[in-house]
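Counting starts at 1 for both ligands and their atoms, following the listed order. These numbers were taken from a predicted model, which means no experiment stands behind them.
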Amino acid sequence: MTRDSRYDILFEPVKIGPVTARNRFYQAPHCNGMGRTFPSSMAAMRGVKAEGGWAVVSTEQIDIHPTSDITPSTEGRLWSDKDIPYLARMCDAVHEHGALASIEPVHNGKWAANLYSREVPLFPTHMPASDANYPLQARAMNKADIRAFRRWHLDAVMRAKKAGFDIICCYAGHNLSLAGMFMMNRYNFRSDEYGGSLENRVRLFREIIEDTKNAVGDSMGVAVRFSVDELRGAEGLEADKEGREIVEMLAELPDLWDVNISEWHNDSQTSRFAAEGYQEPFIDFVKQVTSKPVVAVGRYTTPDRMVSIIEKGIVDMIGAARPSIADPFLPKKIEEGRIDDIRECIGCNICVAWDNMKAPMRCTQNPTNGEEWRRGWHPDRISKRTDDGAVLVVGAGPAGLEAALAAGQRGHDVILAEATDELGGRVSRESRLPGLATWARVRDYRAYQISQMANVVVYLSSALSVEQILEHGSAHVAIATGARWRSDGYGRQHQFPIAGIAGSNLFTPDDIMSGNRPGGNVLVYDDDHYYMGSVMAEQLVADGCRVTLATPHAVVASWTNYTLEQHRIQARLLELGVEVIASHALQEINTLDVTLACVYSGQPRLVDASSVVMVTSRLPEDAAYQELAADKQRLSDSGIVTLKQIGDCHGPATIAAAVYEGHRFARELGEEVSEIPYRRELTELADAFKLP
Ligand code: ADP
Ligand code: SF4
């Protein structure tokens with residue numbers, strides 16, 4: 001296939017000071033939960049992006065000194081020369097595929113609680129430290145501290161140069177960087193030359209950039225990453241006020257401007273709350289005030305939109321974190337005219353959540369993410385089959401679709417049987433709920449790929465019985481029959497039946513999604529704590545119900561703190577007029593009302609609701625699997641060599657987990673798989689530790 005000439009502009013080189021990016025694709029710095037703790041995984045993940053065509057591949061934030069220790073987060077670190085080798089490894093992986101490696105040295109100021117180093121946090125002013133309400137404060141930096149900070153930053157720059165980086169990114173974004181914090185009126189109450197006027201507040205950042213430029217000369221590009229607006233009105237930087245003035249003040253100093261909105265929850269908004277290009281109204285002034293190249297993110301996955309923002313003069317380079325995670329080969333696919341093969345990010349922030357949970361990131365769309373080094377899984381290649389066995393996949397939700405696709409790519413003959421008349425399972429059902437339409441990409445990408453493969457045959461409206469599965473004669477069988485929501489209230493809070501529940505007017509998310517919906521006053525009971533309870537409430541409001549949402553937790557959808565959505569979800573429900581009752585558990589369901597109880601005091605509270613939607617937990621639809629697995633003789637008589645349950649039918653979880661299980665099933669077909677099927681970073685170093 002050849003590239004559409006409309007997209008030629010995306011493949012023009014861009015000069016970043018003394019270095020040149022081969023095209024306009026810029027993988028912006030992004031956390032990944034691997035960092036220094038899983039350095040081989042991190043390096044391989046970055047290398048794959050360079051292979052996939054990104055011209056610039058950046059690190060995550062790299063903390064530069066023991067006073068910027070953000071333990072237990074697992075980002076990068078560059079405190080001494082001893083930290084150089086793992087970063088050099090990343091540079092090698094990136095250079096191997098012709099891309100530029102960029103690094104983002106950071107001092108996190110008061111956000112660094114220094115749990116490992118035990119240093120006192122630093123800040124422009126005395127202030128409570130960390131965002132976790134730890135009982136500690138940051139101290140105001142004196143002049144010697146400021147001089148020391150400049151030296152630490154410079155030391156990190158020189159070490160980065162030694163490691164082999166091509167670009168240094170000076171950071172004042174996301175409310176995460178000390179130099180940025182000095183700019184903020186709400187933080188900086190200093191009376192010296194680093195406080196007061198905007199020029200004084202920007203002084204430290206200017207010094208950092210100048211120090212860096214002087215030190216690296218013509219050997220590296222110097223980028224600036226700056227958040228032009230914080231979406232907090234006059235309390236923070238605003239794109240039409242100080243945000244703009246700062247860009248004007250420093251306009252020609254760096255070699256590239258990487259601009260965005262702050263904080264992370266604004267920069268990485270989910271598709272539930274923001275569409276592709278959502279940052280444009282804030283950053284579109286930047287190119288008017290600087291002659292240097294400008295890059296911005298905004299979950300860009302469509303080449304037409306990318307071309308349009310370059311032609312409109314909004315940016316010179318397309319920044320991407322999540323789209324590069326969902327499809328590391330996005331640039332290559334555009335370059336090769338494989339537009340329909342792009343695995344578009346769905347904007348779910350599962351990747352972000354895993355980083356926030358201090359674990360290696362996972363991606364809903366890209367099951368190979370994080371597995372590049374430890375299992376050798378590649379996002380655009382898969383090994384050929386090792387046997388001729390045909391594959392039967394039962395159920396076409398995300399698990400079944402991915403299993404069928406990956407097994408087909410390996411060269412197996414595959415039959416995908418789906419009970420209903422549409423592909424996608426829960427993804428199709430859920431994507432029809434308010435705000436979740438983009439999630440259908442999980443289905444659409446796979447359905448299209450499968451439709452192009454002669455060796456994968458799909459049967460809709462084909463609910464297979466155990467006998468039919470046995471008669472089918474396939475060597476490899478994946479049961480991907482999903483899960484159903486429980487209506488009995490059993491969840492995290494309730495491990496016993498709830499009084500009055502039998503015969504009451506109960507609904508589950510499955511009812512709502514299949515059109516069986518209550519009217520009037522409805523209580524949504526959320527003991528699941530992810531998105532579903534809040535989405536049910538939104539749907540019922542749209543249906544005209546008066547909705548109360550009760551949860552035993554202190555806030556609505558508490559787990560979505562990890563996906564950076566909690567605040568927006570709670571705000572949306574309140575805007576919609578949903579009454580939110582936090583810290584209350586279901587106690588009793590009556591005909592015309594429901595009794596809740598405070599989870600602390602037990603104090604009862606009556607809610608006027610004639611129906612309850614239970615969002616508590618799910619049960620696997622695994623009856624077929626259990627029956628098949630129980631009779632090994634019957635299995636072998638039918639020629640079944642492999643029988644696996646995958647996805648929600650194995651263990652109800654995220655869509656990302658279902659896609660991963662489907663992929664894993666296909667990858668492992670006919671392969672020798674040990675009980676720990678991947679390399680581990682520390683045990684790989686056993687030789688160095690001279691274990692007996
Ligand atoms: P997962 O997230 O694990 O992929 P889903 O619930 O999204 O699970 O999808 C399961 C799919 O399996 C649904 O589309 C459902 O209609 C289908 N299914 C369930 N039982 C059968 C069966 N016996 N034969 C074929 N398809 C089935
Ligand atoms: Fe996009 Fe979701 Fe993958 Fe993150 S996890 S890259 S948001 S699809």
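Around OH of Y562, the count of heavy atoms belonging to other residues, nucleotides or ligands within 6.0 Å does not exceed 12.
Contact annotation for S462 and ligand 1: only backbone heavy atoms (N, CA, C, O) come within less than 4.0 Å of the ligand. Counting heavy atoms under 4.0 Å from ligand 1, residue A419 touches it through both backbone and side chain.
Here's the thing with L464: one of its N/O atoms is less than 3.5 angstrom from an N/O atom of ligand 1. Ligand 1 has no N or O atom lying under 3.5 Å from any N or O atom of A658, backbone or side chain. On a distance-only criterion, V427 and ligand 1 share no N/O pair closer than 3.5 Å. By the 3.5 Å distance cut-off applied to N or O atoms, E418 is counted among the residues near ligand 1.
Among protein heavy atoms, the minimum distance from atom 1 (P) of ligand 1 is reached at D648 OD2, 3.6 Å.
Within the protein, the N, O or S atoms sitting under 2.8 Å from atom 4 (Fe) of ligand 2 are C351 SG.
Listed by number with element, the atoms of ligand 1 under 4.0 Å from a non-hydrogen atom of G482 are 5 (P), 6 (O), 8 (O), 10 (C). When each atom of ligand 1 is checked for a heavy atom of R426 under 4.0 Å away, the hits are 2 (O), 5 (P), 7 (O).
For E276 and T302, the side-chain atoms include at least one donor-acceptor pair closer than 3.5 Å. Between the side chains of N266 and R568, at least one donor-acceptor pair of N or O atoms lies under 3.5 Å. A donor-acceptor pair shorter than 3.5 Å cannot be found between the side chains of E335 and Y7. With hydrogens and angles left out, the side-chain atoms of Q27 and S58 include no donor and acceptor closer than 3.5 Å. In summary, the side chains of R272 and S534 do present a donor paired with an acceptor at a separation below 3.5 Å, with no hydrogens or angles considered. Side-chain contact of N260 with S227: a donor-acceptor pair under 3.5 Å is present, judged by distance alone. A donor-acceptor contact closer than 3.5 angstrom links the side chains of D527 and H529. Side-chain atoms of N175 and E263 include a donor-acceptor pair closer than 3.5 Å. Looking at E371 and T368, their side chains never bring a donor and an acceptor atom within 3.5 Å of each other.
Looking at G395, A480, G425 and measuring to atom 10 (C) of ligand 1, the nearest heavy atom belongs to A480.
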